[in-house]
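Worksheet: the structure to be examined is printed underneath.
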Amino acid sequence: MKHFLMDLLAAILALSGAGSAEEMGEEEMERYRHFAGHPLQINRLPAARLRASGIFTDYQLAAIEDYRARNGDILGPTEFALVDGIGPDAAEALVHFVSFEPAAYSGKGRLRQDLTVRGGVRDKDGTEWLTAAKYHLEAGRRAEFFWSSSRPYSAESFVPGTLSLALYGRGGASLVAGDFAARFGQGLALWSGFSMSGFSSVAAFRRNPTGFAPTGSFSPSLSGVAGEFSAGRWRFSAGVASPALRSFLAGKESSDRTLIPLAAATFLGRRGQFGVQGVWRNGAVVSADGVLGLGHWTLFGEAALSSRVVTEDGYGIRRTRVAALGGVSWAPAYRVKFALLGRYYPSGFYSPLAGAVRSY
């Protein structure tokens, strides 16, 4: 058992890019532990559901879909490692979070539920209580629901917390209502949730975009509605976030009634993917990104343009800035990998939902 736990931790660090468990947020660790206990059925689940997990890259998902279409079910870890885009290195980590039931497998009980409750008590100028609860409901292949709420020591009562409902359709279509995460490109324009700020491992150099996905985080940053659908090799994503709704679910009052539009389009090719995305919040940020695989080499990068009106000396001035990052990774042999990254963040670059490496 001890050996298995060490292998699982190593797999989590390899996929996340973190150098140790302490560098990762609690929500990120819980997400990986959830899928370790409830493996993703890669022969049965639709692509939208696999993508929302955040475990796979889009290139890996395209490779899995292509392999299943040509060869049928993936029957085990050995065959999984032979899938183009996976390979033995990634398969060794991913195998902790997937299962290989045949596509025709009916399973027992399509409804799966998890409830976690935690608590604490301390005596500091009177007895104070800490309580937290998290619930996850999975309804077959087509829907899942998250709820989480906590009452810190200093709070007087519970708050609604996090409410996130996701519906998955055919052809890669999905709809998320309530709280959601948004991760696109390399994080220069549109990225929410956990993001590594440094380079603890080679895997930390490149982001793994997952699009819109439900979340069970105790402190999500986006609330509203978002959806995605695929047309051929293109995937289109659009959503609207409401700061007022997020404040309400957090048990706070807000006078911010604005709506934040989010949009993206991604082309999935055989060698990589390319996309554009944008967010409008007191200004606009648009970006273009790409990932290209060339054998042992992987090229990746993103360029973003921000524009907003700022007040200087009593005058409104439109400030436009361009930021960019680009990198390359090289894996000449099994378990051997090198990476190089260049980045440029000018003073005044505006990106309210950035998640690139040290974008702040």
Side-chain angles (χ1 to χ4, degrees), residues 25-28 30-32 34-35 40 45-56 58 61 114 134-139 141-150 159-169 172-185 187 189-195 207-230 235-252 254 256-266 275 277-281 285 351-355:
E26 180 183 8
E27 170 63 21
E28 192 74 353
E30 288 182 355
R31 181 169 65 90
Y32 281 105
H34 170 77
F35 290 117
L40 295 158
L45 294 179
R49 183 68 168 275
L50 295 176
R51 181 179 297 109
S53 70
I55 301 294
F56 303 93
D58 278 325
L61 288 174
D114 292 281
K134 180 171 291 190
Y135 174 72
H136 175 236
L137 170 66
E138 190 174 349
R141 304 170 58 187
R142 299 302 180 186
E144 62 180 333
F145 172 75
F146 290 91
W147 169 77
S148 61
S149 183
S150 63
V159 297
T162 299
L163 296 171
S164 185
L165 172 65
L167 304 176
Y168 304 101
S174 64
L175 178 68
V176 185
D179 295 302
F180 62 91
R183 298 179 179 181
F184 293 87
L190 185 52
W191 193 281
S192 67
F194 172 80
S195 177
R207 292 288 180 262
N208 177 20
T210 58
F212 294 124
T215 178
S217 170
F218 285 112
S219 55
S221 56
L222 295 174
S223 300
V225 62
E228 297 183 313
F229 72 93
S230 298
R235 188 174 77 248
F236 299 94
S237 311
V240 177
S242 169
L245 177 60
R246 176 82 297 273
S247 296
F248 170 76
L249 294 175
K252 302 177 183 178
S254 174
D256 187 353
R257 305 300 179 185
T258 61
L259 297 177
I260 306 171
L262 316 167
T266 306
Q277 44 273 324
V279 55
W280 292 262
R281 184 177 187 179
V285 186
S351 189
L353 289 176

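In this text the structure is predicted, and so the values were computed from the model without any measurement.
By the salt bridge (Lys or Arg N to Asp or Glu O under 4.0 Å) test, Glu138 is found to be paired with Arg49, Arg112, residues two or more places apart in sequence or in another chain being considered. With sequence neighbours left out, Ser242 forms a side-chain contact (heavy atoms from CB on, under 4.5 Å) with Ala244, Leu245, Leu259. Residues that satisfy the side chain to side chain donor-acceptor pair (under 3.5 Å) test with Ser148, not counting sequence neighbours, are Thr162.
Across all non-hydrogen atoms, the minimal contact from Pro46 to Tyr168 is CG-CB, 4.4 Å. For Gly54 against Asn208, the heavy-atom pair with the smallest separation is O-ND2, 3.4 Å.
Proximity of a side-chain donor or acceptor of Asp179 to a complementary backbone N or O of Gly216 within less than 3.5 Å is not detected. With Arg207 contributing its side chain and Gly355 its backbone, the two residues share a donor-acceptor pair below 3.5 Å. Arg235 places no side-chain N or O within donor-acceptor distance of the main-chain N or O of Phe229, the cut-off being under 3.5 Å. Arg183 places no side-chain N or O within 3.5 Å of a backbone atom of Phe212 that could act as its donor or acceptor partner. Judged by distance alone, the side chain of Thr266 and the main-chain N or O of Gly275 form no donor-acceptor pair under 3.5 Å.
Contact of the Val225 side chain with the Leu175 side chain is registered, since non-hydrogen atoms from C-beta on lie closer than 4.5 Å. In this structure, Leu262 and Phe184 have side chains that are not in contact, with every pair of non-hydrogen atoms separated by 4.5 Å or more. Using a 4.5 Å heavy-atom cutoff, the side chains of Val176 and Glu228 are not in contact.
Test Leu190, Ile260, Val285 against Pro352 for side-chain contact (heavy atoms from CB on, under 4.5 Å) and you get one pass: Val285.
Other residues, nucleotides and ligands contribute more than 12 heavy atoms inside 6.0 Å of the CZ atom of Phe35. Within 6.0 Å of the CZ atom in Arg281, the count of heavy atoms belonging to other residues, nucleotides or ligands does not exceed 12.
If you take CD on Glu144 and OG on Ser164, they are separated by 8.0 Å, rounding to the nearest 0.5 Å.
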